[in-house]
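Please read through the structure below; I'll follow up with questions.
Here is how names work: the chains are called A, B, and so on, in the same order as the sequence lines, proteins then strands, and each is numbered from 1.
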2 protein chains.
Amino acid sequence: MPVTTNDVRPDTVQLDDIDKKLLRMLGENARRTNNSMATELGIAPSTCLARVNSLRESGVIRRFTLDVDPERIGRSLQALIFVRIRPGARHTMSTFSEEIRVQQGVTQLFFLGGTDDFVLHLAVRDSNDVRQFVLDHLSANPAVASTQTSLVFDHLPGGPWV
Amino acid sequence: MPVTTNDVRPDTVQLDDIDKKLLRMLGENARRTNNSMATELGIAPSTCLARVNSLRESGVIRRFTLDVDPERIGRSLQALIFVRIRPGARHTMSTFSEEIRVQQGVTQLFFLGGTDDFVLHLAVRDSNDVRQFVLDHLSANPAVASTQTSLVFDHLPGGPWV
DNA sequence: AGTGAAACTGTGAGGCT
DNA sequence: AGCCTCACAGTTTCACT
């Protein structure tokens with residue numbers, strides 16, 4: 001009898017209670033010192049360090065990054081832009097989206113199933129910037145069938161991952 | 001003649017070239033050492049530290065946080081859920097959304113202008129979890145007029161902020 | 001605002017249980 | 001897997017410019 005594929009994906013990491021607490025602590029403050037976390041968890045600093053390194057190496061932690069307030073840097077306007085690609089141009093999507101992704105003001109990109117092909121989260125100065133962005137990077141591209149822009153009044157992070 | 005409101009919002013911080021480079025460096029790796037950044041920028045470590053502290057105090061940097069790979073912790077399925085609130089229940093939106101925001105699997109929440117009132121980004125294990133989430137937290141709530149779920153095939157970060 | 005020096009704190013490797 | 005020790009690296013304060 002052949003070995004069957006397991007229920008759990010092979011690259012899924014099992015997290016114990018300590019791992020989860022570490023992820024929560026570092027999610028709140030990625031610069032928390034190893035010592036303070038070890039103390040709070042009641043484990044040795046070296047153990048704590050090994051845990052964090054292991055979370056990095058296993059790819060659970062992709063990177064340590066920043067949460068920047070767009071308003072404070074003059075990007076007071078956020079928008080979600082829903083984009084449909086022409087059916088005949090689907091094969092260009094990954095090239096196209098990569099160009100879009102790195103444009104000034106693009107904070108994230110979702111590839112979607114359903115009627116829209118992707119959603120773009122934009123943080124810019126004002127509505128002129130949105131218009132300009134759509135004109136320059138979307139409408140101008142023959143692969144784009146249509147776009148629909150919704151203003152974002154507020155953008156909040158979710159709860160902890162674990 | 002009365003002083004008129006300035007073009008630039010009062011809480012907007014002007015960033016010089018050093019600040020922008022720091023934001024880019026820390027965005028890539030929020031744990032970069034102060035020393036290495038100072039060296040790369042050609043400034044003294046103490047100066048560098050003062051800059052980063054000032055970016056924190058001014059609110060440009062909200063927090064140092066983590067980029068967690070949802071797949072590695074068994075959340076292989078992502079979805080965007082578009083929610084409409086009944087016109088008569090708009091006043092309950094902020095209470096309601098705060099309850100939603102902290103639920104397991106909710107990674108972010110957008111408040112929207114236009115036909116949909118908000119969008120929820122969910123990272124869960126499978127489609128059952130999505131169905132359960134919608135049932136438990138959305139459909140069950142009388143304030144919700146309708147929901148529409150789109151699967152997310154891929155989710156990519158944008159380019160640097162500055 | 002930026003600097004240099006010095007005191008302090010935290011990190012991470014090695015060997016051990 | 002977890003823990004202890006310790007040399008080293010990094011941080012942070014402060015007086016000065």
Can you tell which of D:dC3, D:dT13, C:dG10 lies closest to the side chain of A:Thr33? C:dG10
Consider the side chain of A:Arg51, meaning its heavy atoms from C-beta on, and name the nucleotide among C:dG14, D:dG2, D:dT12 that approaches it most closely.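 Nearest nucleotide to the side chain: D:dG2.
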Answer yes or no: does a side-chain N or O of B:Thr47 lie under 4.0 Å from OP1 or OP2 of C:dT3?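 The answer is yes; a side-chain N or O of B:Thr47 sits under 4.0 Å from OP1 or OP2.
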Donor-acceptor pair between B:Ser36 and B:Arg32 side chains, under 3.5 angstrom: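 The answer is yes; a qualifying pair exists.
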In terms of the nearest nucleotide of DNA chain D, which residue is placed more toward the 5' end: A:Cys48 or A:Arg31?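 This one resolves to A:Cys48.
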Measuring from the side chain of B:Ser46 (C-beta onward, heavy atoms only), which nucleotide among D:dT12, D:dC4, C:dT3 has the closest atom? C:dT3
Partner lookup for D:dT17, please. Criteria are Watson-Crick or G-U wobble with both distances under 3.5 angstrom; report none if nothing qualifies. none
Examine distances only and state if a side-chain atom of B:Arg72 and a backbone atom of A:Ser58 form a donor-acceptor pair shorter than 3.5 Å.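 Side chain of B:Arg72 to backbone of A:Ser58, a donor-acceptor pair under 3.5 Å: yes, one is there.
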A:Arg32 CZ - D:dT11 P separation (whole Å):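 These atoms are roughly 18 Å apart.
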Please lay out, stage by stage, how B:Asp129 and B:Arg75 fare under the test salt bridge (charged side-chain N to carboxylate O under 4.0 Å, His left out). CA-CA 10 Å; B:Asp129 285 357; B:Arg75 294 165 187 259; over 6 Å; no
Assigned partner base of C:dA1, Watson-Crick or wobble definition, under 3.5 Å: none
How many whole angstroms separate atom CG of B:Leu15 from atom C1' of C:dA1? 16 Å
Rounded to the Å, how far apart are A:Glu57 CD and C:dG12 C1'? 13 Å
State plainly whether one hydrophobic cluster holds both B:Leu109 and B:Val124, where clusters connect Ile, Leu, Val, Met, Phe, Trp and Tyr through side-chain heavy atoms under 4.5 angstrom apart. yes
Separation of atom CG in B:Leu41 from atom P in C:dA1, rounded to whole Å: 17 Å
From the options C:dT3, D:dC3, D:dT12, select the nucleotide whose nearest atom is closest to the side chain of B:Ile43.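 Output: C:dT3.
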Over how many whole Å does the gap from A:Asn34 atom CG to D:dG2 atom C1' extend? 14 Å
Do the charged groups of A:Arg24 and A:Asp19 touch, with an N to O distance under 4.0 Å?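 Here A:Arg24 does not pair with A:Asp19 in a salt bridge, since their nearest N and O are not under 4.0 Å apart.
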For a quick check of understanding: with a heavy-atom distance under 4.0 Å over all strands, which category does A:Asn35 fall into, base, sugar-phosphate or nothing?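 Touches a base.
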Syn or anti for D:dA1, with syn set at within 90° of 0? anti
